[in-house]
*Asks:* 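Quick one: the structure is below, and I'll ask about it shortly.
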Amino acid sequence: MNEYEIIIAGGGHAGVEAAIACAKMGAKTLLVTPMLSQIGAISCNPAIGGLGKGHLAKEVDALGGVMGQITDQSALSYRTLNASKGPAVQGSRVQIDMDRYTIVAKEFCLRTQNLTLTQDLVEELIVENGRIRGARTRLGIDYAARAVVLTTGTFLDAVVHIGETKLPMGRMGEMPAITLAKQLRSLGFETLRLKTGTCPRIAGESIDFSRVDRQPSETDTKPFSRRTDRANFRIDEVPCFITETNERTHELIRSNFHRAPLFTGQISGVGPRYCPSIEDKINRFADRASHQIFIEPQSREANEYYLNGLSTSLPIDVQTAMIRSMRGLENAVITRCGYAIEYDFVQPTELKHNFETKRIAGLFHAGQINGTTGYEEAAAQGLFAGVNAVLYSRGEEPFLLGREEAYLGVLIDDLVTKGTNEPYRMFTSRAEYRLSLREDNADLRMADHAHRYGLIARGEYEELCRKRAEIEAGLGWLKAGFLTNSGENLRLLAAIGEEKIVEKTALINIVSRPSFTAEKLAAIDSRFADLSGEATGQILIAAKYNHYLIKQDEQIERMKRQKSLVIPADIDYEKIAGLGAELVMKLGKFRPNTLFDAEKISGITPAALDILAIYIATNEKYRRR
């Protein structure tokens, strides 16, 4: 039997990150994927990043993942979302060459030491006594392994829908994983159905660009990955364009609801709430006169465009008619039609916090098999599961992340403790501690983890340690320093364009002003002139958020203390007001020893933990103990 330490089943974004992370850690790794030409395929939206999703992608990059580097090597344009708002809720979004992205992803995999690629499909897990032993492929090859990571994407028992047509496919033109889906069900895993979709592509030469609106890239762009050479970074922009639906478009869609799989009962899976199909939009928002449609280039050659916002599974003749009803697209020619895809996922409450399944030791799940949607969510999960697969195979302690540490920690906790009944997507609003979980400090937050597991080079880690030391020193100067309202200091403030002070004021409070810049910082204290630009930027952000970060840090410490709180053995959960019947039943069944243990029970929310903590703290019976 062919022997490997780790097997990765599936070569999408989760599979790529999982495989490369395992190989970086020195594990002999096999990546099994149905089509090598589709590694890291951009199946839908031709962009990486966004609000929440960009934070995850930055954390992947900070942990030594390759998504950011591939993005920079295939970028067409860059944009910062929420640029007018604070850094905590800004998100980087990069328009990419969808074809180039896949080519670069494959090159990264092929160049990675300890990683072997094979074009095949994992059909069966080899399980003995509740423990993974390897995998069997469609070509009849058995591979032994200490751990297996399933990153099956939308392929488990998948069906493509286009109008009345149903095709057993994991993606248009690719075979589904039917046998593996059956085995997972037979092993007792709770599987449910989800639905997602993609938009039509049209020929670039069939678009009248004089009748659509141009959407240019930002001019002051910087690379997505910290490992991209910033000094020589240049990009030749390929613009996007905008049109919109109209009443004629809407009437065409409404008059064909009876042919839409979404409404005929042909599709039973739940679709993504935040990215509905165009027919769902017309049905749900009947009062809307139009919906924006973004015309985005498929590749740098711009001979094919993706109609973002027009996800659909309507029949091809209806797709053609509705596209041609829009401004600038009157003569559009469809090169690839839109379609919906329905597939199995495994309820993520089946997982431990390290993404190992509870039923089968050594089996890990990552990506859309966990009920998520989006490239960035998949990549983050893949890297995390890959690291933990190697740690499991070597008998080492798992890699765990808390909600206060990373957006990835939020995602993990949400999935494992709450599960999902719809495609899960990351938003900044999901993170309680988003003031400190920013894109701009992801490298600092993840540096120690990345170094501990050998995911980044030693030189890169040392550079991050120097940057961290500079930030700590600068903030120390600000927190210890004061300015009095002496004439000299008032003249200094006037010279740099800052309002005067009327009493002795802490430097941190002066620098927290929105108008304060790096140049003003150096004028206030010459020591700041010697710090790197990156460190100074972080100091300014920390100063502006200082008051709120102090409160957030107190909240985090309170949360940590709460988690260590011992739950009395004789507690009667039925007497606790505010706990629902389901939570009372689960807590009574598992009888957790601490709030930390309670948190790991499926369905236990942060609010429930607060109720428990308050009840224990205020109950006279327990206070006397």
*Asks:* Roughly how far, to the nearest 0.5 Å, is OG of Ser206 from CG of Leu329?
*Replies:* 7.5 Å
*Asks:* To the nearest 0.5 Å, how far apart are OG in Ser325 and CG in Asn246?
*Replies:* 5.0 Å
*Asks:* Any ion pair linking Arg300 and Asp99 (charged N to carboxylate O, less than 4.0 Å)?
*Replies:* no
*Asks:* Determine whether the side chains of Thr312 and Glu279 contain a donor N or O and an acceptor N or O closer than 3.5 Å.
*Replies:* yes
*Asks:* Should Phe355 and Phe384 count as side-chain neighbours, where that means a heavy-atom distance under 4.5 Å?
*Replies:* yes
*Asks:* Check this for me, if you would: do Glu330 and Arg248 make a salt bridge, where the nitrogen-to-carboxylate-oxygen distance has to be below 4.0 angstrom?
*Replies:* no
*Asks:* For Tyr306, does its backbone N or O pair with a side-chain atom of Gln298 as donor and acceptor, under 3.5 Å?
*Replies:* no
*Asks:* Quick check: do Leu63 and His449 have side-chain heavy atoms less than 4.5 Å from each other?
*Replies:* yes
*Asks:* Is there a side-chain hydrogen bond (donor to acceptor under 3.5 Å, both in side chains) between Gln119 and Thr33 once you walk through the steps?
*Replies:* CA-CA 5 Å; Gln119 183 165 290; Thr33 191; over 6 Å; no
*Asks:* Can you confirm whether Tyr305 sits close enough to Ile207 that some side-chain heavy atom of one is under 4.5 Å from a side-chain heavy atom of the other?
*Replies:* yes
*Asks:* Do Asn303 and Glu205 meet the criterion of a side-chain donor-acceptor pair at a distance under 3.5 Å?
*Replies:* no
*Asks:* Indicate yes or no for a side-chain donor-acceptor contact from Arg288 to the backbone of Ser290 under 3.5 Å, with no hydrogens or angles considered.
*Replies:* yes
*Asks:* Do the numbers put Arg430 on top of the ring of Tyr424, so that NZ or CZ is under 6.0 Å from the six-membered ring centre and no more than 45° off the axis?
*Replies:* yes
*Asks:* Enumerate the residue pairs fulfilling salt bridge (Lys or Arg N to Asp or Glu O under 4.0 Å) with a member in residues 261-275, sequence neighbours excluded, ordered by first and then second residue.
*Replies:* Arg273-Glu422
*Asks:* When you check the gap from the basic side-chain N to the acidic O, do Glu498 and Lys520 get nearer than 4.0 Å?
*Replies:* yes
*Asks:* Do you see a donor-acceptor pair shorter than 3.5 Å between the side chains of Gln381 and Asn370?
*Replies:* yes
*Asks:* For the pair Asn283 and Asp280, evaluate side-chain hydrogen bond (donor to acceptor under 3.5 Å, both in side chains) and give the outcome as yes or no after the intermediate values.
*Replies:* CA-CA 5 Å; Asn283 182 53; Asp280 197 18; 4.5 Å; no
*Asks:* Please test His55 against Glu376 for side-chain hydrogen bond (donor to acceptor under 3.5 Å, both in side chains), starting from the C-alpha separation and ending with a verdict.
*Replies:* CA-CA 9 Å; His55 292 73; Glu376 303 82 1; over 6 Å; no
*Asks:* Please assess His13 against Tyr101 for the test ring pair (Phe, Tyr, Trp, His ring centres under 6.0 Å), listing each intermediate value before the final yes or no.
*Replies:* CA-CA 11 Å; His13 300 280; Tyr101 190 100; 5.6 Å; yes
*Asks:* Under a 4.5 Å cut-off applied to non-hydrogen side-chain atoms, are Met98 and Ser299 in contact?
*Replies:* no
*Asks:* For Ser311 and Ser277, indicate whether the former's side chain and the latter's backbone hold a donor-acceptor pair under 3.5 Å.
*Replies:* no
*Asks:* Starting at OH of Tyr78, measure out to CD1 of Ile96 and round the result to the nearest 0.5 Å.
*Replies:* 10.5 Å
*Asks:* Give a yes or no on whether the backbone of Val212 and the side-chain of Thr243 come within a donor-acceptor separation of less than 3.5 Å.
*Replies:* no
*Asks:* Please find out if less than 6.0 Å separates the ring center of Phe285 from that of His250.
*Replies:* no
*Asks:* Whether the side chain of Thr245 engages the backbone of His291 through a donor-acceptor N/O pair (distance < 3.5 Å, no angle test) should be reported.
*Replies:* yes
*Asks:* Kindly compute the distance separating CG (Leu435) from CG (Asn546), expressed to the nearest 0.5 Å.
*Replies:* 11.5 Å
*Asks:* Indicate the ring-plane relationship of Phe263 and Phe257, choosing parallel, tilted or perpendicular according to the 30° and 60° boundaries.
*Replies:* perpendicular
*Asks:* Hey, does the side chain of Glu17 reach the backbone of Met67 with a donor-acceptor pair shorter than 3.5 angstrom?
*Replies:* yes
*Asks:* Set out, in order, the CA-CA distance, both residues' side-chain angles and the distance that settles salt bridge (charged side-chain N to carboxylate O under 4.0 Å, His left out) for Glu296 and Arg201, then state yes or no.
*Replies:* CA-CA 9 Å; Glu296 302 176 334; Arg201 274 84 150 172; over 6 Å; no
*Asks:* Using only atom types and a distance under 3.5 Å, with no angle test, would you say the side chain of Tyr375 pairs donor to acceptor with the backbone of Cys44?
*Replies:* yes
*Asks:* Work out which heavy atom in Pro46 is nearest to a heavy atom in Asn308; give both atom names and the distance.
*Replies:* CD-ND2, 4.4 Å
*Asks:* For a quick test of reading the model, state the closest non-hydrogen atom pair linking Asp208 to Ser210 and the distance between them.
*Replies:* OD1-OG, 2.5 Å
*Asks:* Tell me, do Met426 and Glu377 make a side-chain contact under 4.5 Å, heavy atoms counted?
*Replies:* yes
*Asks:* Flag the pair Leu192 / Asp344 as yes when at least one side-chain heavy-atom distance between them is below 4.5 Å, and no otherwise.
*Replies:* no
*Asks:* For a quick check under 3.5 Å, do Thr373 and Arg425 share a side-chain donor-acceptor pair by atom type?
*Replies:* no
*Asks:* Backbone N or O of Glu499 within a donor-acceptor pair of the Arg513 side chain at under 3.5 Å?
*Replies:* yes
*Asks:* What pairs meet the salt bridge (Lys or Arg N to Asp or Glu O under 4.0 Å) rule with one or both residues in residues 252-263, with sequence neighbours excluded?
*Replies:* Glu164-Arg259, Glu247-Arg254, Glu251-Arg254, Arg259-Asp317
*Asks:* Tell me, yes or no, whether the heavy-atom count around Ile316 atom CD1, taken from other residues, nucleotides or ligands under 6.0 Å, exceeds 12.
*Replies:* no
*Asks:* Specify the closest pair of heavy atoms between Gly419 and Gln347, including all atoms of both residues, with the distance to one decimal.
*Replies:* CA-OE1, 3.1 Å
*Asks:* Strictly distance-based, threshold 3.5 Å: is any side-chain N or O of Arg227 a donor or acceptor partner for the main-chain N or O of Asp61?
*Replies:* yes
*Asks:* At their closest point, which heavy atom of Ile242 faces which heavy atom of Arg327, and how far apart are they?
*Replies:* O-NH2, 3.7 Å
*Asks:* Indicate whether the side chain of Asp72 and that of Thr228 have a donor and an acceptor atom separated by less than 3.5 Å.
*Replies:* yes
*Asks:* Quick check for you: to the nearest 0.5 Å, what is the distance between Leu464 atom CG and Glu534 atom CD?
*Replies:* 8.5 Å
*Asks:* Could you walk me through whether Gln38 and Thr102 pass side-chain hydrogen bond (donor to acceptor under 3.5 Å, both in side chains), step by step?
*Replies:* CA-CA 6 Å; Gln38 289 290 81; Thr102 303; 5.2 Å; no
*Asks:* Any carboxylate oxygen within less than 4.0 angstrom of a Lys/Arg side-chain nitrogen, looking at Glu439 and Arg445?
*Replies:* no
*Asks:* Give a yes or no on whether a salt bridge exists between Asp413 and Arg403, defined as a side-chain N under 4.0 angstrom from a carboxylate O.
*Replies:* yes
*Asks:* Any carboxylate oxygen within less than 4.0 angstrom of a Lys/Arg side-chain nitrogen, looking at Glu304 and Arg336?
*Replies:* yes
*Asks:* Do Ile295 and Gln215 touch side chain to side chain, with heavy atoms closer than 4.5 Å?
*Replies:* no
*Asks:* Are Tyr407 and Tyr433 an aromatic pair, judged by ring center distance below 6.0 Å?
*Replies:* no
*Asks:* Minimum heavy-atom separation for Ile39 and Cys109, please, with both atom names.
*Replies:* CG2-SG, 4.2 Å
*Asks:* Rounded to the nearest 0.5 Å, what separates atom OG in Ser92 from atom NZ in Lys58?
*Replies:* 4.5 Å
*Asks:* Restricting to pairs with a member in residues 261-271, which pass salt bridge (Lys or Arg N to Asp or Glu O under 4.0 Å), not counting sequence neighbours?
*Replies:* none
*Asks:* Hey, does the side chain of Gln90 reach the backbone of Lys85 with a donor-acceptor pair shorter than 3.5 angstrom?
*Replies:* yes
*Asks:* Phe516 ring centre to Lys544 NZ or CZ under 6.0 Å, with the angle to the axis within 45°?
*Replies:* no
*Asks:* If every non-hydrogen atom of Phe209 is compared with every non-hydrogen atom of Gly204, which pair is closest and at what distance?
*Replies:* CE1-O, 3.6 Å
